[in-house]
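Proteins come first, then strands; the chains are lettered A, B, ... in the order of their sequence lines, and each starts at number 1.
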There are 2 protein chains.
Amino acid sequence: MPASGDPRPCSIADTLAVVGEKYSLLVLREVCLGNGRFDQLVRNIGAPRDVLATRLRRLVDADVLQKHVYSERPRRFEYRPTQAGLELEPVLMTLMAWGDLHLRKDDDRPMVIEHICGNELVPTVTCTACGGEVRHENLMAHPQAPGWSVTGPTAP
Amino acid sequence: MPASGDPRPCSIADTLAVVGEKYSLLVLREVCLGNGRFDQLVRNIGAPRDVLATRLRRLVDADVLQKHVYSERPRRFEYRPTQAGLELEPVLMTLMAWGDLHLRKDDDRPMVIEHICGNELVPTVTCTACGGEVRHENLMAHPQAPGWSVTGPTAP
DNA sequence: CCAGCGAGTAGGAAATCCAAACTCACCATA
DNA sequence: TATGGTGAGTTTGGATTTCCTACTCGCTGG
């Protein structure tokens, strides 16, 4: 998914051009958990080594990950999230919550995240201004750039 | 990205197996905007028609989209988000916000979303229990299923 | 000296993707 | 009645990517 070949200018497409390729977000998951070494990534994600190497290069180029030396002689690296990478973690949490809700009717969550408040994390996406929940009915799209036509219920 | 070939049980991987293939989330973007007809999707997303047809089948099978007849004779369809599909819109908003922030330093956002509160939407992912922001430093992972090893700063 | 590990590369088969053309059913015009 | 147009795909055949296995390279530990 190299350039965002999207005919519309769009930050969703642009973001997906960076982290939307197969395995990229799983790499981020592992790296956020602290499992940032190449062979760990191979084992934990199940990606072919060459594809993984390509993804890692791209994520480093895009400043989502950073290579970190944890041993000179022999020189060994570990991948860690940058600030920008860490700011994608909420996306992962939201994806996880959707999967937990819609892809497993019974309560067999493979992973539970605890928030610092002590409760089990159930993420909600909210409006920073008012704190209200972000739901489709509460949104209205305002295209700023040419190339957009909006016909539906979300239209202004 | 058919089955989640991930060696670990994981709702992130499972969700990506449904909506993580190329174009799938852009389809959802269009459909949420009300542009749900096949040729609109082709034009607006820039995807090859056959790939798009495959994606649409998968998204309907996964109950993210629904085919809606808007004309008998000639029979014509339109794709619309299901409830589950609408619940992925927050993911799109979060991806858009990340792209706006990290992929365009200057203020040239191609699309602005207005929240019902009247303000421009800046989405934040929060903990439903305490309302606090979801940030890496505030999270702790608790694997529930075998196959997980967590070594890093997020570890319990 | 030999085996092993971490972090990748290399090579070719298999699966996907892509663009353009084609289908099929229907409607509108002339 | 032919002629063209639209919407929603399917077909076709070649260009890319992925996938899998094996290999490398630098180093270390016994």
* To do: Report the distance from atom CG of L52(B) to atom C1' of dT10(D), rounded to the nearest whole Å.
  => 13 Å
* Structure fact -> Among the nucleotides dT28(D), dT18(D), dC27(C), whichever has the atom closest to the side chain of P74(B) is dC27(C)
* Asked: For L41(B) and dA8(D), what is the distance between atoms CG and P respectively, to the nearest whole Å?
  -> 9 Å
* Structure fact -> Looking only at dC26(C), dG7(D), dG8(C), the nucleotide nearest the A53(A) side chain is dG8(C)
* Asked: Do T124(B) and T128(A) get their side chains close enough for a donor-acceptor pair, meaning under 3.5 Å?
  -> yes
* To do: Take the protein atom CG of N35(A) and the nucleotide atom C1' of dG6(C), then report the distance between them rounded to whole Å.
  => 16 Å
* Structure fact -> Side-chain atoms of F38(A) come closest, of dT28(D), dG9(D), dG8(C), to dG8(C)
* Would you tell me if any nitrogen or oxygen in the side chain of R49(B) comes within less than 4.0 Å of OP1 or OP2 on dT12(D)? => no
* Asked: Among side-chain atoms of R109(A) and S11(B), is any donor-acceptor pair under 3.5 angstrom?
  -> no
* What integer distance in Å separates K22(A):NZ from dA15(C):C1'? -> 10 Å
* Asked: Taking CZ from R76(B) and P from dG9(D), how many angstroms apart are they, rounded to a whole number?
  -> 10 Å
* **Rounded interatomic separation in angstrom, taking OH from Y79(B) and C1' from dG7(D)** => 12 Å
* Between D50(B) (CG) and dG13(D) (P), how many Å, whole number? -> 14 Å
* Asked: With a non-hydrogen cut-off below 4.0 angstrom, is R75(A) in contact with a base, only sugar-phosphate, or nothing?
  -> nothing
* Structure fact -> Looking only at dA19(C), dA8(D), dT10(D), the nucleotide nearest the R37(B) side chain is dA8(D)
* **Spatial distance of atom CD (E78(B)) from atom CZ (F38(B)) [nearest 0.5 Å]** => 14.5 Å
* Structure fact -> Between OH of Y23(B) and P of dT16(C) the distance, given in whole Å, is 15 Å
* Do the side-chain N or O atoms of K67(A) get closer than 4.0 angstrom to the phosphate oxygens (OP1, OP2) of dG8(C)? -> yes
* Locate the shortest heavy-atom distance separating H115(B) from E133(A); write the atom from each residue and the value. => NE2-O, 3.1 Å
* **Geometric cation-pi criterion, R80(A) with Y70(A): 6.0 Å, 45°** => no
* **Position toward the 5' end of DNA chain D (nearest nucleotide), E72(A) or V51(A)** => V51(A)
